Enquirer: 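Sending over a structure as structure tokens; questions will come in a sec.
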There are 2 protein chains.
Amino acid sequence: MAVTMRDVANAAGVSPMTVSNVLRDVPTVDEELRARVLRAVDELGYELSLTARQLRSGRSGLVTVIGLDINDPYFSALASSLAAGFASEGIHCVIEQSRFNPGGERGALTGAHLKRFDGVVLSSVGLSYEQMDSLDVNLPLVIMGEHEAPPRFDHIMMANIDGSRQAVEHLLASGCRRVMMLGGSETTTTHGMAEARTAGWRQAHSEAGLVADEALVIPTPHYTPTEARTLVAEHLRVDRSIDGIFAVADAIAIGALAGARDVHREVPTELQVVGFDNLAIDTLLNPALSSVDPGMDWMSQMAVRLLRDRIASHGAEHESEHLVSPARLVVRESSGRSEA
Amino acid sequence: MAVTMRDVANAAGVSPMTVSNVLRDVPTVDEELRARVLRAVDELGYELSLTARQLRSGRSGLVTVIGLDINDPYFSALASSLAAGFASEGIHCVIEQSRFNPGGERGALTGAHLKRFDGVVLSSVGLSYEQMDSLDVNLPLVIMGEHEAPPRFDHIMMANIDGSRQAVEHLLASGCRRVMMLGGSETTTTHGMAEARTAGWRQAHSEAGLVADEALVIPTPHYTPTEARTLVAEHLRVDRSIDGIFAVADAIAIGALAGARDVHREVPTELQVVGFDNLAIDTLLNPALSSVDPGMDWMSQMAVRLLRDRIASHGAEHESEHLVSPARLVVRESSGRSEA
DNA sequence: TTGAAAGCGCTAACAA
DNA sequence: TTGTTAGCGCTTTCAA
């Protein structure tokens with residue numbers, strides 16, 4: 001019923017192979033035949049079956065970017081940046097959520113589903129080390145993440161500890177003495193993002209000759225702004241000594257700013273706040289949010305290159321690469337009161 | 001090289017057809033054979049080729065959601081909502097950007113690419129009527145959009161004019177007399193989103209017995225917060241009579257809040273601001289942003305049902321559906337000063 | 001209830 | 001430079 005390559009071939013008076021060669025820009029095709037083929041394509045309204053091409057050639061020309069939740073501003077910024085990078089390499093990419101689509105039956109992380117693509121970029125947020133380790137995919141896979149991943153995978157991460165250290169060092173230098181570690185984790189066993197950033201918080205304290213009060217580590221189980229808002233308001237009400245907040249993510253920091261407002265603590269005069277991610281919205285907030293810039297553009301550029309090369313070398317053996325993007329603190333209105 | 005259905009069939013001592021039946025949950029398979037097949041699948045680590053299945057059956061089990069830019073907070077909220085809806089129907093969906101991937105050669109909107117999917121949800125933002133009209137796809141397609149779309153497509157839109165009218169009516173009732181129409185459009189010929197929302201602005205004025213000053217319609221060519229911020233600051237500096245801003249989208253309104261701050265205009269006492277979209281972040285802003293709620297969850301629910309039914313009825317003829325979601329104003333801190 | 005044959009639409013490999 | 005042959009891995013159809 002649909003027009004096939006054979007129909008085009010018949011209309012143009014050539015073999016299907018020649019049509020295929022024209023459509024794949026194989027350079028050895030005679031100019032006149034090429035013209036005849038393209039005319040027939042046009043007249044018949046032919047559209048290539050990419051499914052059939054993929055079955056035969058093993059290539060889909062498609063890459064997928066998988067993250068927990070597209071509505072998370074960090075992931076949507078990352079996905080957008082990756083999409084721009086892939087587009088400039090002529091690679092088409094789609095974006096998927098692992099939320100609602102876990103490894104289960106028809107999920108985004110199953111081998112059967114992933115085989116539709118030539119490569120995968122996986123944001124590790126929300127995935128445990130074990131979940132990643134159990135992935136048994138046979139295609140190029142780059143993990144982008146805030147925390148440790150199994151060493152056999154290519155992995156691009158940010159300087160969690162150093163970035164956090166910079167942020168808290170800045171808060172301490174700006175006069176804070178009681179800095180809440182919002183979204184932090186007290187456990188030091190695993191290598192998650194929250195743990196690493198909490199380690200930076202501790203490190204900054206000890207480098208300043210201060211003792212970090214572990215009671216100031218406040219986990220945010222769901223990592224939502226609303227949850228952070230409530231938690232911050234509660235803690236600020238009870239403990240008026242808190243004079244700084246370092247949040248593990250800007251989404252959390254934005255909630256913290258709202259929570260501080262709820263209990264009438266003025267930022268930055270009474271309370272200083274620093275986040276992590278350097279989202280575009282930070283400059284628009286009132287007060288503008290100080291944040292650690294994780295170097296997202298650099299990371300997505302690296303991810304695109306790495307995946308492009310892995311795909312091009314078609315499964316050749318390789319050492320896995322592990323890159324770390326340097327972090328850089330950006331001070332805005334929410335912190336940096338200069339007096340002590 | 002990869003394990004195929006035939007390998008599984010051989011290992012289980014059955015025909016490939018039986019393996020296929022087991023994997024598709026065809027109920028007429030003997031329990032013992034089913035068990036043998038599943039054991040063989042497990043032992044061999046077999047993974048179905050969804051590509052081959054699609055080539056043969058014509059179904060991919062996949063739907064795509066296409067929007068201009070995932071980094072836009074409205075689209076990412078919409079996509080997330082749609083993904084949740086599709087997941088609850090057992091349909092897997094991917095998300096694509098039309099930005100960087102236009103109709104060109106290998107774009108997201110080409111027929112060849114779209115044929116990979118069983119259905120499409122297309123956000124019309126950033127697409128002209130003509131671009132949509134030139135789409136010649138043969139699969140279920142639902143357009144979700146703020147503006148008019150060709151009548152042959154199923155279309156779910158929001159009550160642009162009424163929502164805007166409510167917003168501006170509220171501003172006028174709250175004492176505003178010079179309400180900037182930010183992101184509006186002076187042309188009344190086309191049926192775009194900006195035009196419809198500007199029409200609501202005019203309507204509210206005439207219903208209040210006032211004359212809308214067309215000089216207060218300020219277009220934002222790129223629809224970015226930063227651009228809006230600059231424009232608002234410039235206009236407020238020049239024209240101190242402006243006492244209200246209605247922005248066509250919350251992203252724009254957020255920029256407007258920042259711009260007002262840049263020129264030290266206090267919201268809501270000196271200037272009231274209302275946006276459109278009711279994004280989750282609105283409640284976290286300082287001041288919290290009043291906004292028109294377009295009923296996104298309702299719209300995405302409708303889109304999911306409609307597409308699911310279109311897919312199930314496999315190309316049967318149908319009247320196209322056109323649904324409009326009612327809009328509802330949510331007043332927060334940025335507007336609603338009660339004195340006149 | 002299970003299996004054999006055929007072919008979805010394309011391209012790799014080879015032959016002309 | 002073009003064409004022929006074969007088959008990617010599955011499911012539709014029909015026979016057993």
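Remember, it's a predicted structure, so these values are computed and weren't measured experimentally. Chain letters run A, B, ... following the sequence lines, proteins first, then strands; residues in each count from 1.
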Enquirer: Would you please name every residue forming a side-chain contact (heavy atoms from CB on, under 4.5 Å) with Asp7(B), sequence neighbours left out?
Expert: Val3(B), Thr4(B), Leu44(B)

Enquirer: Just checking, any donor-acceptor pair under 3.5 angstrom between side chains of Ser76(A) and Ser76(B)?
Expert: no

Enquirer: Take the protein atom CG of Asp25(B) and the nucleotide atom P of dT11(D), then report the distance between them rounded to whole Å.
Expert: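 Roughly 12 Å, once rounded to whole Å.
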
Enquirer: Would you say Thr18(B) reaches dG3(C)'s phosphate, i.e. side-chain N/O to OP1/OP2 under 4.0 Å?
Expert: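 Answer is yes, contact under 4.0 Å.
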
Enquirer: Report, as a single string ordered 5' to 3', how protein heavy atoms within less than 4.0 Å touch nucleotides 10-16 of chain C: B base, S sugar-phosphate only, - not at all.
Expert: BBBB---

Enquirer: For Gln54(B) and dT12(D), what is the distance between atoms CD and C1' respectively, to the nearest whole Å?
Expert: 16 Å

Enquirer: Nearest-nucleotide wise, let me know which of Leu55(A) and Leu33(B) is further upstream toward the 5' end of DNA chain C.
Expert: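 Upstream on the strand: Leu33(B).
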
Enquirer: Judged by modelled atom types alone, do Ser49(A) and Arg53(A) share a side-chain donor-acceptor pair under 3.5 Å?
Expert: no

Enquirer: For a quick check under 3.5 Å, do Ser60(A) and Asp118(A) share a side-chain donor-acceptor pair by atom type?
Expert: yes

Enquirer: Between Arg39(B) and Glu43(B), does the salt bridge (charged side-chain N to carboxylate O under 4.0 Å, His left out) criterion hold? Intermediate values first, please.
Expert: CA-CA 6 Å; Arg39(B) 189 155 357 103; Glu43(B) 277 165 9; 5.3 Å; no

Enquirer: Does the Asn71(A) side chain pair with the main chain of Ser80(B), one donor and one acceptor, at a distance under 3.5 Å?
Expert: no

Enquirer: Could you state the atom-to-atom distance from CD of Glu31(A) to C1' of dT2(D) in whole Å?
Expert: 15 Å

Enquirer: Tell me: CG of Asp30(B) to P of dG3(C), nearest whole Å?
Expert: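 About 11 Å, once rounded to whole Å.
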
